[in-house]
Amino acid sequence: MAIAKVEPLTTARALRGPFDYRLPAEMEGVGVGSVLLVPFGRRRVLGVVVELADRSELPPGRLAEPIEALEAGVPAELVRLGLWVGREYCSTPARGLELVLPPGTGTGSSGRRTRPRVELRAELTVDGREALDDGARLGSRQRAVLDALAAARESRSGEGSGLAAAQLAAACGADRATLRRLKQRGLVRLVESESRRRPSMRSIGERPRDVTLTADQARAARTIAAALGEPDAGSRRFLLHGVTGSGKTEVYLAAAEAAIARGRGVIVLVPEIALTPQTVTRFRERFGDTVALLHSRLGAGTRYDEWRRLRSGEARVCVGPRSAVFAPVRDLGLLVIDEEHDSGYKQEGDPRYDARHVARRRAAECGAVVVAGTATPRPESWIELERLELPDRVDGRAMPAVEVLDMRGADRRGGPLHARTTEALEGLRSGRGKAIVLLNRRGWSPHLSCRSCGHSWGCPSCDVSLVIHRRDGRLVCHHCGHAEQAPDACPECGSVTLARAGAGTERVEDLIARLIHPLPVFRLDSDSAAPADSHLDILAAFQRAPAGVLVGTQMVAKGHDFADVSLSVVLDADATLRFPDFRAEERTFALVSQLAGRSGRGDAGGRVLVQTLAPGADAIRAAASHDAAGFVAAELERRRRLSYPPFSHLVRIEVAGVDPAGVEGDARRIHAALAPSLSAGAELLGPAPRFRVRGRHRRQLLVKAADRGAIVTAVREAIEGLATARALRASALSVDVDPQ
Ligand code: ADP
Ligand code: ZN
Ligand code: ZN
């Protein structure tokens with residue numbers, strides 16, 4: 001008897017799969033990775049086959065048969081990876097498997113499945129060609145169709161042969177009846193074929209020239225290429241540490257070429273969807289149509305087709321954000337992680353996986369080499385990976401000079417801008433240069449209060465201040481999206497003198513526009529770039545402008561390459577330092593260094609101004625002197641002293657619910673269940689209160705230990721035990737392994 005062990009795609013934590021189903025003879029093609037629709041209790045659910053067996057513990061009478069097998073399945077390698085992610089991040093098998101499913105499999109609420117697009121195409125027959133030549137009697141529509149088909153043959157512009165019915169309808173107004181008549185006369189052939197939906201590949205930036213690798217680039221590329229050919233390739237992991245502008249992408253391209261030459265596939269990860277266009281463009285210029293793009297903002301059909309192109313081996317390279325680590329690339333040989341310091345690699349929803357960690361696992365399983373590139377390495381990567389250095393910019397220019405501006409007791413007449421910043425920006429008017437200004441806070445100003453009675457405006461469902469967005473006259477909560485009309489007067493005392501404290505990108509945009517008038521100011525943040533792809537419009541406009549300023553949140557610091565930016569400014573550089581988080585230093589260093597790297601790539605030379613209340617902080621001093629190695633060494637020392645990662649591992653458990661007492665009770669129950677199973681060296685902290693979000697009270701527990709595997713197992717078992725016993729009533733639970 002053929003038995004499929006099926007993991008049902010349901011969200012219940014208490015469920016212990018997989019479950020056995022009997023495969024009828026007509027389902028003999030089903031294997032590991034097949035997606036089945038199965039009866040499950042009184043429902044029908046989708047499930048993934050995780051194993052085949054020839055017998056079951058259950059009596060045959062109790063074995064149900066699957067209802068249907070879906071056409072697209074998951075490679076066995078990815079089934080294993082998905083199940084591993086479920087375990088590794090204290091989630092469920094179903095949640096892990098959902099990550100590796102073909103896009104549009106239909107586990108969502110709509111349950112609708114994406115399918116290949118089949119289109120009707122018309123092709124010219126020999127008789128059709130003759131009919132055109134010998135002036136046979138044809139209606140004008142019919143003639144137009146034959147003409148169009150003949151022209152398409154000439155130019156071979158159409159994909160495949162002939163033209164799609166939809167194209168003919170648009171070009172010659174030919175409906176199906178016209179095509180059928182032509183077919184009856186033997187002048188065209190009508191064929192149904194699958195047609196591929198293609199992602200649009202728009203990007204900004206200069207065409208790359210044909211480059212000759214520098215000596216450092218060539219050495220790095222050679223080392224990676226050599227590793228690809230070695231039997232232990234799956235254990236070779238490189239940190240490509242190259243300053244901004246050192247040409248890391250060329251090294252990725254050369255490494256990809258070496259992998260492809262060996263018949264291996266390639267995955268290239270970028271930290272966010274907004275950065276996919278430029279990378280995919282570079283890769284397509286080199287490797288053409290064998291490059292696929294995968295991300296969640298592609299249309300469902302396009303995503304499905306790109307996925308299948310990779311699955312079939314037609315496409316060999318996949319570019320995408322963190323979820324592309326699950327791309328079904330065949331015989332994976334190289335996994336590139338660009339800007340690997342970026343926190344965008346961490347998934348915020350369940351399972352809270354880290355694509356960098358998943359990449360290491362997948363590479364080890366398929367014998368692929370990992371290349372993690374960055375200008376600002378993470379301490380953990382610095383000690384774990386083999387280092388390849390690109391110490392110089394490709395254009396041979398020096399790194400720009402960085403001035404740290406102390407904002408403590410600074411003259412505040414310029415509002416959020418230091419006098420020297422104001423002066424430098426005003427200087428753009430005469431020099432007609434370009435500048436980028438980074439402020440990691442959107443809106444006009446982050447706090448509104450009444451000058452008479454001190455009333456301040458907070459979110460009704462979160463314990464945070466509402467942020468003033470003056471452009472649309474609203475107060476907005478950046479945690480839950482709550483928005484209300486900006487007030488004219490205080491609801492408590494009626495006073496109309498309200499104080500706006502602090503500055504966000506809107507206000508700085510406004511301020512700079514007045515300083516540099518008539519030069520343009522462009523703002524790039526998630527408000528201005530909300531519609532899909534509009535960040536490209538903003539960047540393109542800035543690129544085209546002969547002079548001007550780009551103001552924005554961290555989006556401006558990432559990966560864009562503008563030759564003519566001569567000034568970079570970071571406002572409130574220590575804002576990230578004030579987060580109570582052991583990674584605050586690392587994040588601040590990265591942000592300041594990345595922005596500094598945007599400046600001085602062209603002939604204009606470069607200058608960087610860093611405004612801060614903490615000019616003495618290590619992260620800021622090191623970034624100002626472009627000293628990544630020094631920063632990481634000091635940071636590792638600090639982490640060792642405090643036994644923070646990479647010298648320990650953290651697991652964070654968050655309990656959230658509307659009833660504060662219930663949440664507290666649940667947090668204590670988890671504590672009680674977990675404490676006995678932790679080993680001697682492990683610490684269990686909390687429950688500690690966290691601020692309320694979306695009307696939900698929160699408590700947090702933190703586990704810290706040297707042995708990651710042991711704490712993950714202990715947490716998973718404690719939670720599964722409580723879930724099975726239905727012991728948690730008041731709360732939703734989320735577990736974050738390696739929280740960021
Ligand atoms: P990074 O990612 O290290 O900051 P990029 O890969 O974006 O740097 O390269 C910066 C610029 O230098 C790009 O415009 C790229 O085309 C160019 N470049 C890279 N390598 C070379 C080279 N060997 N010779 C000339 N130009 C190069
Ligand atoms: Zn008041
Ligand atoms: Zn809110």
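Whatever order the structure lists ligands and atoms in, that order sets their numbers, starting from 1. This structure is a prediction, so every number in the text was calculated from the model and none was measured.
Between atom CD of residue Gln740 and atom CZ of residue Arg652 there is a gap of 11.0 Å, rounded to the nearest 0.5 Å. Here CG of Asp289 is found 5.0 Å from CZ of Arg284. Values are rounded to the nearest 0.5 Å. The CG atom of Leu390 sits 11.5 Å away from atom CD of Glu250, with the distance rounded to the nearest 0.5 Å.
At a heavy-atom cutoff of 4.0 Å, ligand 1 is contacted by no atom of Asp338, backbone or side chain. With a heavy-atom cut-off of 4.0 Å, Gln594 does not touch ligand 1 at all.
The Zn ion (ligand 2) is the vertex of the angle joining SG of Cys493 and SG of Cys450, which measures 100° to the nearest 10°. Rounding to 10 degrees gives 110° for the angle at the Zn ion (ligand 2) between SG of Cys453 and SG of Cys490.
For atom 7 (O) of ligand 1, the nearest non-hydrogen atom from the set Val211, Thr249, Leu253 comes from Thr249.
Atoms of ligand 1 lying under 4.0 Å from any heavy atom of Thr214, numbered from 1 in the order shown and given with element: 23 (N). Below 4.0 Å from some heavy atom of Val243 lie the following atoms of ligand 1, by number and element: 3 (O). Each of the following atoms of ligand 1 lies closer than 4.0 Å to a heavy atom of Thr212: 22 (C), 23 (N), 24 (N).
Counting only heavy atoms from C-beta outward, the side chains of Leu466 and Leu448 never approach each other to under 4.5 Å.
Ion pairing of Asp395 with Arg397 is present here, as a side-chain N (NZ or NE/NH1/NH2) and a carboxylate O approach within less than 4.0 Å. A salt bridge between Lys346 and Asp354 is absent, with no side-chain N of the basic residue lying under 4.0 Å from a carboxylate O of the acidic one. Between Asp572 and Arg441 a salt bridge is recorded (basic side-chain N to carboxylate O distance below 4.0 Å). No salt bridge links Glu654 with Arg699; every basic N to acidic carboxylate O contact stays at or beyond 4.0 Å. Residues Arg474 and Asp472 are paired through a salt bridge, judged by an N-O separation under 4.0 Å between the basic side chain and the carboxylate. Salt-bridge formation is not detected for the pair Arg322/Glu339: no Lys NZ or Arg NE/NH1/NH2 atom is positioned less than 4.0 Å from an Asp or Glu carboxylate oxygen.
Ring pair Phe631/Phe589 is parallel by interplanar angle, where below 30° counts as parallel and above 60° as perpendicular.
Considering both main-chain and side-chain atoms, Gly247 comes within under 3.5 Å of ligand 1 through a nitrogen or oxygen pair. Residue Thr244 has no nitrogen or oxygen atom sitting less than 3.5 Å from a nitrogen or oxygen atom of ligand 1, judged on distance alone. Looking at ligand 1, you won't find any N or O of Glu250 less than 3.5 Å from one of its N or O atoms.
Between Gly245 and ligand 1 there is a heavy-atom distance shorter than 4.0 Å. Heavy-atom separations between Leu390 and ligand 1 are all 4.0 Å or longer. Under the 4.0 angstrom criterion for non-hydrogen atoms, Arg393 is not in contact with ligand 1.
Cation-pi contact between Arg387 and Trp382: present, with separation from the ring centre below 6.0 Å and deviation from the ring axis of at most 45°.
Within the protein, the N, O or S atoms sitting under 2.8 Å from the Zn ion (ligand 3) are Cys459 SG, Cys462 SG, Cys477 SG, Cys480 SG.
The number of heavy atoms from other shown groups lying within 6.0 Å of CZ (Arg451) does not exceed 12.
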